Structures are given as structure tokens and as C-alpha cells.
Amino acid sequence: MLTLDYANALSTRVGAHGLDPASLAPGSESARHAAAITRDLRTTRGKDWERWRDLPFDPARSAHVRDVKKIVAERKPGCANLVVLGIGGSALGNIALQAALNPTTWNLLPENVRKGPRIFVVDNVDPANLRAVLDACRASDPDLKKTQFNVVSKSGETAETAAQFLTVRQLLIEALGEKGHAKGIVAITDPERGTMRSICDAQGYVTLPVPDGVGGRFSVLSPVGLFSAAMCGIDIDALLDGAAAMDKRCDEEDLSKNPAAILATVLVRLGQEKGKFNHVMMPYSNQLYLLADWFRQLWAESLGKRHNVRGEEVYTGFTPIKALGTTDQHSQVQLYREGPNDKAFVFVDVQDWGAQDLTIPEGLDAPPLRYLQGRTFGQLINAEKRATEFAFVESERPSVTVTFPRINAHSVGEFIALFEIATAYAGRILEIDAYDQPAVETGKVATFGLMGREGYEEWKQKVDAALAPTKHVI
Ligand code: PA5
């Protein structure tokens, strides 16, 4: 079971930079507030933008798993490359699952060792990156018969994904012909509406749904994340089991027993009361590092809001930062301990490295290195995490630790549910809408204007006026 240790966020460990334990105790304002939110979340789960809460449970779960497995059974045999086309919430979960649950060297493994195709998640419109991915696919599969393109876009209007899609569609038509090109595409989009839906219907693409009421950053446990995961051999049933188990733990009204409520309460209060407006997630595991990227979007886009639900200006939110242990001990920890005390830390560690662990050999007679010999890398990385946690307590830097018993699909599912539900609690505590992203819109429509999209001409004029050339360029 995933655990959350928040002792280092309390004043008993980090003095004035931590929370008074009594302020979280039964009967406290925080405990009463969290219980009220738990009751409220019971009434909103499965409705409107909280339909993501239903994803690990039937009937949504069995329908999605059945449909995903059916398409995987059709498209996986003979598939050498899987290219996921999407951005933001339509890519970060896919990247995180793949990184967490398959070896870091997955794409380099021989085909007979891998449990699925090589995977590339494009997540940008950097031409050099896309060209490199397409070149790599065509080098091993010149006629693109062994490459599947998984287009993920709820709206179909996202410029980045649309540009990626138009490019691969053309390549597939050149390779497989107008009629045959659909064999290379699996689209994940809104089941009823939107530009991508119309394209899929017209072109005859196989599709899976981005379910109604599930926003991009809450979509990883829907077909958006499940399809590429299942293609690459990840146990999606165990992933959803883990999420369901965490969801049940987070239905507890007692704050001290509810991990999502504690996590949200502690991080939000450290921000609001102790000035820790930067939240650093620091996994001590390369495999778990990209979960921090997924977390960054979830925390930033959900909680960074100008207005509260009453329309008042609040400019709320926290800046999520990712760091990697032990790597960033040699890069960031100097700042983290002696720079501004404006951060709360979320360490993520692994209790048992199991068969992944590696023993450091004995045999070299070098007394200063004797302490390492015969020990394991798992022991070393965990000791370094504990040592850093101690060093942060010494500097009065508050932290919490999320511990994976082992890295597997179940515990990754628990982790995802924990942070999604914590985000729902944090949104309620901050009294903001955690499910919109109004500030993302301006950049999107300005891009449309600059790229000549009909109906958006005024945006080009606005951009050109605001960013008119000046002499301040050297
Ligand atoms: O979380 C979000 O809502 C965004 O990151 C979207 O997922 C992203 O903009 C992609 O949108 P779409 O799936 O409509 O292409």
C-alpha cells in the first residue's frame, strides 16, 4: 500500500516553517473542513467535470478495458513502433505510465525481449523532434506497415496535435494508399462532438473515447492513457485496481486517515500560511521522475487561478517543480536548503527495489569505499533520500514523503488517484474551479491568428501591436 508521511511538514520537526500538529487533529478547523469536503465530493463524484472519479469503477472501467483490449489485440501483433500524437493532458500521462512501468531502456531492447512496440510520445511541434521520431520509425519500417499512430485529442482543434496528425496522415497515405491508411491510426477523441470526431467518422478510423466530463489532465486512467500502456504490456487492470483502492481510502471523513485530504491540506496550508508557494516533487527513482511531469500539469493548471468560484480576484496556485534524487542533490539541494525558504517538498521513494536492485561488488581493496561494497544501489539511494530528508529538517524545510512499496502498476494507480483526488480537495480548499484553464486560451487563439486561421485575424493584429519592434534588442 502506498503511504504518505507528513511528519516533516509539522512544527515539531521544522519549527515555525511547519504546521502545528494540533491544527490537523480531530476537531480542528482543518479536520472539520476536510470532512465537509469529503461529504461534498461524494455528491459530485461521477458528475460534470468529476466524472474522472468513475474511471476505475464499473461500468466505465469494464467498457474502457474491453474496448482497449480489443483494439490492442487487433493492432499489436506485428507492431514495431507506436507513436502517440497529443500534447498536455493527451500526452503526459502516457509518458508517465510508460516511464514508470517499463525499463528506461525500453526502446533500445531487442524486439524479442520487449513486451510491445517501441513507443514515442511526441508532445510538441519541435520539427527536429518529430522528424527524428518519424525517421526512426521509417528506418525500421520503410512502408509504415508495422507502425501505429495513436492520435489523442479530445477537441481535435489543438494546433500541435492537428499538425502532427496531418503530417502522419499524409505519410500513411503515401505508404498505404488513401483507402489503406486508416489501418495505421487509432484515434482517441470525444465520442460525439468535435473536429477530430468528424474526421474519424469521415475517414473510418478506429476510435476510443475521451469520456465526457473527463478533462485532459484527469484522463490518464481513461483510454487516453490505457491504450498506449496496454500496447506496451502494462497491466491496466492492476493500474485501475490501484486507483480504485486509493479512491476508497480517500472517502474517509477522518482527516488523519484520508491521504488525499491530508496531502492537499498540508500543501495548501504550507503555501497559504507559511509562504511555501513552490511545491517541489522529488522522486528518488528515474522511473518515477516523469510522474512529476504529469503532476506539474495537474497541480499548475488546476490550481493556478485568478478568480475564485465567487468571481473574486485571488491569484492563487503553487508553482510545481520537478527534481530527481539523487541527481539533483548535486545540482539543486544547495539552493533548496540555503536559498529562500519558499518551498514545500514532496519526496517520492521506493521501499523495496525487488529484482531491480543491484549489488555493489566487493573485491577492490580501497578502504574509503569499503562501506559501499556488498551493499545494494537500492540501499544507497534510499539512504541518500533519508539523509536529504534529514538535511532538510535541519534547515527547517518542510516535506512529505510518498512511499511506493514497490514500483508496479497497482502502486502507480494508487499514486495517480492520490494526486488527482488531492487536486480536487485543494481546489475546494482554495475555493477555485480546478477543472477549467481560461488562461491557456489567449496563447491558443493568438497562435491561430499568427498562423492565418480564418476568423482569428484580429489576434494577429493584437500580437503585432503589443510586440512591435523596439530598440531594446542587442
Ligand atoms: O489538460 C488539458 O485540458 C490540456 O492539457 C489538454 O489535454 C491539451 O490542451 C490537449 O487538448 P486536446 O485533447 O483537446 O487536443
Side-chain angles (χ1 to χ4, degrees), residues 48-53 55 64 83-97 121-126 130 149-169 185-201 205 207-229 290-305 317 320 322 416 419-424 426-427 432-448 451 453 456:
D48 301 322
W49 286 104
E50 275 172 2
R51 277 180 243 186
W52 56 269
R53 286 292 294 267
L55 295 172
H64 295 152
V83 183
V84 180
L85 309 174
I87 196 158
S90 295
L92 290 166
N94 307 64
I95 297 171
L97 290 182
V121 185
V122 178
D123 195 28
N124 203 352
V125 281
D126 174 336
L130 182 60
F149 293 95
N150 176 207
V151 191
V152 189
S153 182
K154 188 173 174 72
S155 62
E157 297 264 327
T158 307
E160 292 90 338
T161 312
Q164 296 161 5
F165 162 68
L166 291 169
T167 306
V168 305
R169 177 180 172 275
I185 292 179
V186 175
I188 303 182
T189 191
D190 191 291
E192 281 164 21
R193 290 173 290 276
T195 303
M196 185 51 79
R197 178 78 259 159
S198 317
I199 294 170
C200 292
D201 291 345
Y205 297 151
T207 64
L208 286 163
V210 184
D212 207 20
V214 176
R217 56 189 179 271
F218 291 88
S219 69
V220 59
L221 299 175
S222 81
V224 170
L226 298 181
F227 175 69
S228 61
L290 295 182
L291 277 168
D293 249 350
W294 169 83
F295 159 75
R296 284 195 319 134
Q297 185 204 16
L298 185 69
W299 210 237
E301 224 167 49
S302 302
L303 306 182
K305 299 291 155 74
K322 65 172 178 174
I416 288 168
F419 279 91
E420 287 184 343
I421 301 168
T423 303
I432 50 94
D433 180 351
Y435 301 108
D436 65 359
Q437 53 282 324
V440 176
E441 212 41 39
T442 306
K444 280 190 188 172
V445 293
T447 302
F448 292 155
M451 292 298 285
R453 181 170 172 175
Y456 293 84

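In listed order, ligands and their atoms are each counted from 1. By convention here, the first residue in the shown sequence is residue 1. What you see is a predicted model; the values in this text were computed from it and never measured.
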Name all residues meeting the side-chain contact (heavy atoms from CB on, under 4.5 Å) criterion together with E192; count only those two or more places apart in sequence or in a different chain, and write none if there are none. D190
Donor-acceptor pair, T189 side chain versus K154 backbone, under 3.5 Å? yes
Locate the shortest heavy-atom distance separating W49 from G215; write the atom from each residue and the value. CZ3-N, 3.6 Å
Go through the structure and list residues passing side-chain contact (heavy atoms from CB on, under 4.5 Å) with D436, not counting sequence neighbours. K305, D433, P438
Q164 (side chain) donor-acceptor with N124 (main chain) under 3.5 angstrom: yes
Ordered by chain then number, the protein residues lying under 4.0 Å from ligand 1 by heavy atom are I87, G88, G89, S90, S153, K154, S155, T158, G216, R217, Q297, E301
Donor-acceptor pairs are to be reported for all side-chain atoms of residues 84-95 against protein atoms at under 3.5 Å, with residues two or more places apart or in another chain.
from: N94; atom 1: ND2; to: V224; atom 2: O; distance (Å): 2.7
from: N94; atom 1: ND2; to: S228; atom 2: OG; distance (Å): 3.0

